[in-house]
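One structure is given below, encoded as structure tokens.
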Amino acid sequence: MHAAALFHPTSLPYLWLIPALPFLGALINGTVGLKLMRRFGPKVNHTIAILLPTISFVLSVLAFAKLLTLEPEARAIRQSLFPFLHVGFMDADMAFWVDPLSATMLLIITFIGTLIHVYSVGYMAGDDGYWRFFAYLNLFMGSMLMLVLGDNFLVMFIGWEGVGLCSYLLIAFWYKEKANAVAGMKAFVVNRVGDFGFVLGLALLFWGLQGSYSGTLGLSDGYRAGLYAAEPITRWENAELGRQAVVGFVEPRQVPPTSLRFDLVKSRVEAEHEAWAERSPAAKTFMGIPLIVLVCLLFFVGATGKSAQIPLYVWLPDAMAGPTPVSALIHAATMVTAGVYMVARLGFLFALSPTAMTVVALTGVITALFAASIGLFQHDIKKVLAYSTVSQLGYMFVGVGVGAYWAGIYHLLNHAVFKACLFLGSGSVILGCHHEQDMRKMGGLKKYMPVTRWTYWMACVAITTAPLFFLSNGFFSKDEILWKAFDAQHLLVPGWVVWLIGFIGAAFTSFYMWRSYYMTFTGLYRGGAAHGHDAHAQDAHAHDAHADHKAHDDHHAAAGHATTPHESPRSMTFVLATLAALIIVTIGLGFWPLLGIVPLFEHWLAPVVGEATESLTWMSAAHGVFLGLQAHTWEMLLAAGSVLLALGSFFVARALYKDAQSPIPARLMASTHPVVRFTHRLIYNKYFVDEAYDFLFVRRARALAGLFFAIDQKVIDGVVNLLALCGRLVSTLDGAIDALVVDGVVNGVANGFAGMGRRVRLAQTGQIQTYLAGAIVGVLVLVLINYFLFL
């Protein structure tokens, strides 16, 4: 991004309303929603919850339109509300920033998020927690908007933690069933692991930017804060920051290098990209590891948690315990895209480290293949889509990992559309089949649910490329990612390795998605009266324990359709049709590379990610010819190969599962061949990763907790109780000494004088003669004493 865009952003007074309005909806429904529902009915709850995000969408469109009126190098809007954290060299305001990248995320979140709110009106009708559900949805949306709008790391982290909290609340929405509560807790704990990496990365980045550091971490060398040798980046920065003289800076012109603002950090990195030397963070090390590598890897640990990549992906499939609109919101428009957005936002840092970019790309492509293979044998329709999400996120990370940031974000955009359509389509299927999620108990639904069928089919085309690649927005983004991976020369592994793994994963994607379509919509309906209470019942929301969709169930039972599938309400099918149409619209952003033209979306994101991308080495740019063929020819050949591969997987899935006619799947399931049985058992049980984590971490953590509890009970409490006993013994002895010795002496003297007094008192008889005789005897005694003493 050019200096003009960084340091002279346009100001808009209403940016703060975009996240504030969903937060307001969450506040209203969260505090008085139950009272409103009891007095006015549930309509008031969803009206509030839908209206406020809709206004946020309108404001996002206005911000987007404002960006379009600006020159490409000046497309940035900033609004600072108030100083948030200004301590020493650290400065972070509660401020919002909109550029082409964040504007794209705003439109995704507000538009698709609002559609999911509308869909939820029909899906959640009759639920006892209706008001609470919409409060959580608004809170989730507001947190994600805070994340993408933040102009600095601190505001981003507030949103980052907010979406983590909301995922816990929504996944465990039906918390009365233990499995749902456990799934929510699992998501929360796993994400805390990733967030710890994010915090460490931020701390190290702050340390690295704050000044120069030489020597070891010992006290003898110390940390010389403020000795930063760089000149101001621009006159504006010099005027705004340099004049704020800070103790430790040898000249006012040398500005504090520790701003947490993305634009200031990025400008410093880009301005000094070639000149960074001994005093730059790029040259620093921490415990022997180059600082920039460690910072990027720690940030990526945070991304693996939020965006469910190996090894922190295990929470996302279990997130299916929440209501289906929650699954769509998490998987399509909000939480899981946070990690991809963060890496793209920090692309200027990752571009400095081939090691970090290689780790991101390899992790993404391995996750893509790993998750896709698990999806091959799942029977729960939502689990298939969950592992599909993990896999597609892997492709996004391949994009940002190889430096094709625009392609990674374009796939994020396309995925948000078609995956929302798929998840909401699965929710429509589940509702139409009376809460059944096992695809083996579906079939023939195209007859009963035509709108759901066609929108699901369109979304399958979008994600798989088959059978009509020109209607697939996912084809244009995924294949651009794979081509850039093949084309990359700056990774520590050959680019074709990343491409090959992703290429195989794409074949799996096509197979499991069309398998889900044919098992669900073709053939004869295989359901019965008892739905959702078999071995998979724990994934079916346990509706018998809740009032979920009671109004729908009562309506259809009264109509005599208790066991017959039915199309969903119009509030749901309208959303599905809108998303299916949006698949076609988004194709226009990225099909241009096949024509040898730079895509519109790449042009759009160039001011944000262009310089980082241009700093990388690409085969096509460096050589132009590879194995005798032009780069564009290679791109076309690889794209054609992807289409053929997807078509092959499509025809295999169609032959095996269309109308449930083929005996091959049942024959394979009944096979006793050890290789077949082992392979199926291994993949169906998700490679036993959850069991391994349970054994290595959960049980060990519980054992450690038990050990600490025993130490607390037996050792610490024992020592404390022993000291208390000793205290009681000492106090008892002290009390005895006080009572027997001290009090005994005092009481003895008192008793002696009292006894003496009683005896002396006997001499007082009251008779004058006795007193006179006593006086005479006394006088005589004194005379005799005096006589003998002084004789």
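As a basis for the values below, the full set of heavy atoms in this structure was taken, side chains included, without hydrogen atoms, waters or symmetry mates. Note that the structure is predicted; figures quoted are calculated from it, not measured.
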Just do the side-chain contact (heavy atoms from CB on, under 4.5 Å) check on Phe111 and Thr578 with the steps written out, would you? CA-CA 11 Å; Phe111 183 69; Thr578 302; 4.0 Å; yes
Please step through side-chain contact (heavy atoms from CB on, under 4.5 Å) for the pair Val429 and Gln437, ending with a clear verdict. CA-CA 8 Å; Val429 168; Gln437 295 186 203; over 6 Å; no
Could you give me the CA-CA distance, side-chain angles and deciding distance for Lys478 and Thr509, then say whether side-chain contact (heavy atoms from CB on, under 4.5 Å) is met? CA-CA 12 Å; Lys478 175 180 63 65; Thr509 301; over 6 Å; no
Step-by-step side-chain contact (heavy atoms from CB on, under 4.5 Å) determination, Phe370 to Tyr687: CA-CA 9 Å; Phe370 179 82; Tyr687 298 98; 3.3 Å; yes
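A donor-acceptor pair is defined here as one N or O able to donate and one able to accept, closer than 3.5 Å; such a pair exists between the side chain of Ser649 and the backbone of Ala507. Checking side-chain atoms of Thr337 against main-chain N and O of Thr334 turns up a donor-acceptor pair under 3.5 Å. A donor-acceptor pair is defined here as one N or O able to donate and one able to accept, closer than 3.5 Å; such a pair exists between the side chain of Lys382 and the backbone of Met320. Of the possible donor and acceptor atoms, one in the side chain of Ser307 sits under 3.5 Å from a partner among the backbone N and O of Gly339. Arg677 places a side-chain N or O within 3.5 Å of a backbone atom of Met669 that can act as its donor or acceptor partner. Judged by distance alone, with hydrogens and angles left aside, the side-chain atoms of Ser143 form a donor-acceptor pair with the main-chain N or O of Leu139 at under 3.5 Å. Here the side chain of Tyr456 pairs no donor or acceptor atom with the backbone of Ser516 at under 3.5 angstrom. Distance alone, capped at 3.5 Å, places no donor-acceptor pair between the Trp499 side chain and the Asp487 backbone. In terms of modelled atom types and a separation under 3.5 Å, the side chain of Ser472 and the main chain of Val461 share a donor-acceptor contact. Remark: side-chain polar atoms of Ser642 are paired, donor with acceptor, to backbone N or O of Leu638 under 3.5 angstrom.
At least one side-chain heavy atom of Phe198 sits under 4.5 Å from a side-chain heavy atom of Met342. Using a 4.5 Å heavy-atom threshold, the side chains of Met124 and Phe173 count as touching. Looking only at side-chain heavy atoms (C-beta outward), Met519 and Arg440 come within less than 4.5 Å of each other. The shortest side-chain heavy-atom distance between Pro53 and Thr110 does not fall under the 4.5 Å cut-off. By the 4.5 Å heavy-atom criterion applied to side chains, Ile330 and Phe140 are counted as neighbours. Taking the side chain as every heavy atom from C-beta outward, Lys306 and Leu312 never approach each other to under 4.5 Å. At a threshold of 4.5 Å between non-hydrogen side-chain atoms, the residues Met141 and Ile116 do not count as touching. Thr324 is not listed as a side-chain neighbour of Ser120, based on a closest heavy-atom distance of 4.5 Å or more.
The aromatic rings of His331 and Phe423 sit tilted, their planes meeting at an angle between 30° and 60°.
Across Ile463 and Met513, no two heavy atoms sit closer than the pair CG2-CG, 3.8 Å. Smallest separation of non-hydrogen atoms from Arg515 and Gly375: NH1-O, 4.1 Å.
The line from OG1 of Thr455 to CD1 of Ile583 is 8.5 Å long, rounded to the nearest 0.5 Å. Interatomic distance, CZ of Phe475 versus CD1 of Ile587, reported as 10.5 Å (0.5 Å rounding). Distance CH2/Trp514 to CZ/Arg654: 10.0 Å, rounded to 0.5 Å. In this structure, Leu393 CG and Thr367 OG1 are separated by 9.5 Å, a value rounded to the nearest 0.5 Å. A distance of 4.5 Å separates OH of Tyr313 from CD1 of Ile374, quoted to the nearest 0.5 Å.
With sequence neighbours left out, Phe508 forms a side chain to side chain contact (heavy atoms under 4.5 Å, CB included) with Leu369, Ala372, Ser373, Leu376, Ile504. For Ser477, the side chain to side chain contact (heavy atoms under 4.5 Å, CB included) criterion is met by Tyr410, His411, Asn414, not counting sequence neighbours. In terms of the side chain to side chain contact (heavy atoms under 4.5 Å, CB included) criterion, residue partners of Trp496 (sequence neighbours excluded) are, by chain and number, Phe486, Pro494, Leu500. With sequence neighbours excluded, no residue forms a ring-ring contact (aromatic ring centres under 6.0 Å, His included) with Phe476. Scanning for side chain to side chain contact (heavy atoms under 4.5 Å, CB included) contacts around Leu644 gives an empty result, with sequence neighbours left out. Residues passing the salt bridge (charged side-chain N to carboxylate O under 4.0 Å, His left out) test with Asp318 are Lys186, sequence neighbours excluded.
Heavy atoms from other residues, nucleotides or ligands lying under 6.0 Å from CZ of Phe688 number more than 12. No more than 12 heavy atoms of other residues, nucleotides or ligands sit less than 6.0 Å from atom CZ of Arg681.
Evaluated for a ring-ring contact (aromatic ring centres under 6.0 Å, His included) with Phe299, the options Phe153, Tyr341, Phe157 yield exactly one hit, Phe153.
Geometric assessment of Arg192 against the ring of Phe196 yields a negative cation-pi assignment under the 6.0 Å and 45° thresholds.
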